[in-house]
Amino acid sequence: MRAVVFGEYGDRSVLRVRQSPDPRPGPGEVLVLVGASGVNYMDVYQRTGTYQVPLPAVLGSEGAGTVLSFADDVRGLAPGDRVAWTGVPGSHAEQALVPADRLVPVPEEVSTEQAAAVMLQGLTAHYLTHDSFAVRPGATVLVHAAAGGMGQLLTRIVTHLGGRVLATASTPQKRNLAEAAGAVRAVPYDAALDAVRELTGGAGVDAVYDGVGADTFDTSLQALRPRGTLVLFGAASGKVPPFDPLRLMAGSYFLTRPTLGHFIASRAELLDRAGALFRWVAEGVIDPAVTGRYPLDAVADAYAALEGRQTTGKLLVIP
């Protein structure tokens with residue numbers, strides 16, 4: 001099989017497409033024919049060494065496909081079953097080995113591409129809107145980078161739950177996409193605080209969903225109402241520098257930096273969140289919005305688009 005491999009940490013130039021023998025499932029593992037795999041910032045963090053992984057490594061941590069074979073101790077699966085996963089390394093490949101307990105079944109109403117596109121960002125959006133800050137009808141939130149795949153999902157889910165979204169995006173085209181996803185207003189980043197004051201009558205928003213990081217952190221804090229919540233879930237512009245926690249005292253703010261693994265730690269929770277997610281896809285509540293498809297040989301181009309913040313939706317690798 002062919003796979004995208006990196007043997008050292010670095011920029012996109014370290015990526016190579018390598019041929020290797022087809023893998024064989026070990027205890028508890030399933031061999032999946034990959035139909036599509038997702039392009040995510042998590043992969044960038046691993047490739048650059050921000051998140052350390054054993055090297056050499058196969059890039060990609062999210063995908064969907066069909067079951068080829070599995071170990072003798074695996075139950076409840078059959079060859080040809082469609083499955084999806086996230087948080088499992090080695091997804092940018094023609095075949096992937098996935099622990100059986102990390103696979104979720106893909107219902108007929110959801111395509112393989114939709115499943116691959118929605119697992120990481122969709123499950124993240126689910127816990128962000130149900131746990132990190134539980135959206136209630138009437139809540140007003142600020143969503144940064146709302147035209148990206150993650151931002152559009154958050155906007156649609158918050159709106160579905162009865163909340164109002166004020167969105168930021170860098171260009172008029174992206175702001176139009178954010179409003180099409182349900183934002184009541186989309187503004188440039190440097191206009192966010194004025195828009196918050198106008199929309200909330202000076203009170204501030206109930207929560208900020210910030211996946212941008214360094215460039216937006218100060219704005220996010222200033223946008224909150226007293227006892228508001230800043231959910232920092234990414235660092236697309238770089239990590240937030242160390243700061244004095246006393247800054248939170250200005251409004252008795254809550255700050256959380258969550259990660260998906262803690263919210264799908266048990267199989268029951270993984271299946272519950274994935275089930276809700278796929279129902280939303282089938283019902284049209286959310287649209288994974290795939291805007292780019294790349295073969296294995298063009299994976300570096302996919303990450304160039306992602307890291308250059310040129311994307312307006314989800315990117316997939318199609319082996």
Side-chain angles (χ1 to χ4, degrees), residues 118 120-170 174-237 240 247-248 250-260 263 273 276-277 280 285-287 289 312:
V118 82
L120 176 60
Q121 292 180 339
L123 291 173
T124 298
H126 188 279
Y127 85 73
L128 290 178
T129 55
H130 288 71
D131 297 271
S132 298
F133 174 79
V135 176
R136 299 286 184 264
T140 300
V141 305
L142 173 61
V143 175
H144 287 304
M150 185 69 214
Q152 289 189 51
L153 285 174
L154 273 172
T155 299
R156 290 182 183 277
I157 292 172
V158 169
T159 302
H160 176 68
L161 296 173
R164 296 190 303 169
V165 173
L166 172 64
T168 59
S170 58
K174 290 184 176 183
R175 292 192 285 275
N176 288 340
L177 286 171
E179 291 180 349
V184 296
R185 187 177 176 190
V187 298
Y189 289 94
D190 59 6
L193 291 178
D194 286 340
V196 165
R197 283 189 284 268
E198 292 172 11
L199 187 64
T200 66
V205 295
D206 298 297
V208 180
Y209 293 113
D210 189 343
V212 176
D215 289 353
T216 51
F217 183 76
D218 288 340
T219 295
S220 296
L221 272 183
Q222 294 173 57
L224 291 170
R225 64 162 172 80
R227 291 163 44 188
T229 301
L230 171 50
V231 184
L232 183 67
F233 66 91
S237 67
V240 175
R247 290 181 61 189
L248 302 177
S252 295
Y253 304 131
F254 296 90
L255 170 65
T256 181
R257 179 53 174 96
T259 188
L260 175 60
F263 295 86
R273 292 191 193 278
L277 190 62
W280 284 342
V285 173
I286 58 174
D287 178 1
T312 56

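When reading the values below, keep in mind they use all heavy atoms of this one structure, side chains included, and skip hydrogens, waters and symmetry mates. Since this is a predicted model, take the numbers as computed values, not measurements. In what follows, residues are counted from 1 in the order of the sequence shown.
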Return the [atom1] to [atom2] distance between [X] and [Y], rounded to the nearest 0.5 Å.
X: Thr219; Y: Leu230; atom1: OG1; atom2: CG; answer: 11.0 Å
X: Thr159; Y: Leu154; atom1: OG1; atom2: CG; answer: 10.0 Å
X: Leu142; Y: Tyr209; atom1: CG; atom2: OH; answer: 11.0 Å
X: Thr200; Y: Arg225; atom1: OG1; atom2: CZ; answer: 10.5 Å
X: Ile157; Y: His130; atom1: CD1; atom2: NE2; answer: 7.5 Å
X: Asp210; Y: Thr168; atom1: CG; atom2: OG1; answer: 8.0 Å

Testing the basics here: between [X] and [Y], what is the closest heavy-atom pair and its distance to 0.1 Å?
X: Val187; Y: Ala195; result: CG1-CB, 3.9 Å
X: His126; Y: Ala276; result: NE2-CB, 3.9 Å
X: Gly122; Y: Leu153; result: N-CD1, 3.8 Å
X: Ala146; Y: Thr155; result: CB-OG1, 4.0 Å
X: Val240; Y: Gly213; result: CG2-C, 3.7 Å

Check whether any side-chain heavy atom of [X] lies under 4.5 Å from a side-chain heavy atom of [Y], and answer yes or no.
X: Met150; Y: Phe233; result: yes
X: Leu128; Y: Pro258; result: yes
X: Leu248; Y: Leu221; result: yes
X: Val141; Y: Val205; result: no
X: Tyr253; Y: Val208; result: no
X: Phe263; Y: Asp131; result: yes
X: His160; Y: Val135; result: no

With distance as the sole test, does [X] use its side chain to make a donor-acceptor pair with the main-chain N or O of [Y] at under 3.5 Å?
X: Ser237; Y: Val212; value: yes
X: Gln152; Y: Ala147; value: yes
X: Tyr127; Y: Arg273; value: no

With side-chain contact (heavy atoms from CB on, under 4.5 Å) as the test, would you mind laying out the steps for Val231 and Thr256 before giving the verdict?
CA-CA 5 Å; Val231 184; Thr256 181; 4.0 Å; yes

Do the ring planes of His144 and Tyr189 sit parallel (below 30°), tilted (30 to 60°) or perpendicular (above 60°)?
parallel

Would Arg164 and Thr140 satisfy side chain to side chain donor-acceptor pair (under 3.5 Å), going step by step from the backbone distance to the final call?
CA-CA 5 Å; Arg164 296 190 303 169; Thr140 300; 3.0 Å; yes

Worked verdict on Leu255 versus Phe217 for side-chain contact (heavy atoms from CB on, under 4.5 Å):
CA-CA 11 Å; Leu255 170 65; Phe217 183 76; 4.2 Å; yes

Give the C-alpha distance, both sets of side-chain angles, the deciding distance and a yes or no for side-chain contact (heavy atoms from CB on, under 4.5 Å) between Arg247 and Asp218.
CA-CA 10 Å; Arg247 290 181 61 189; Asp218 288 340; 2.9 Å; yes

Arg197, CZ atom: more than 12 neighbouring heavy atoms under 6.0 Å
yes

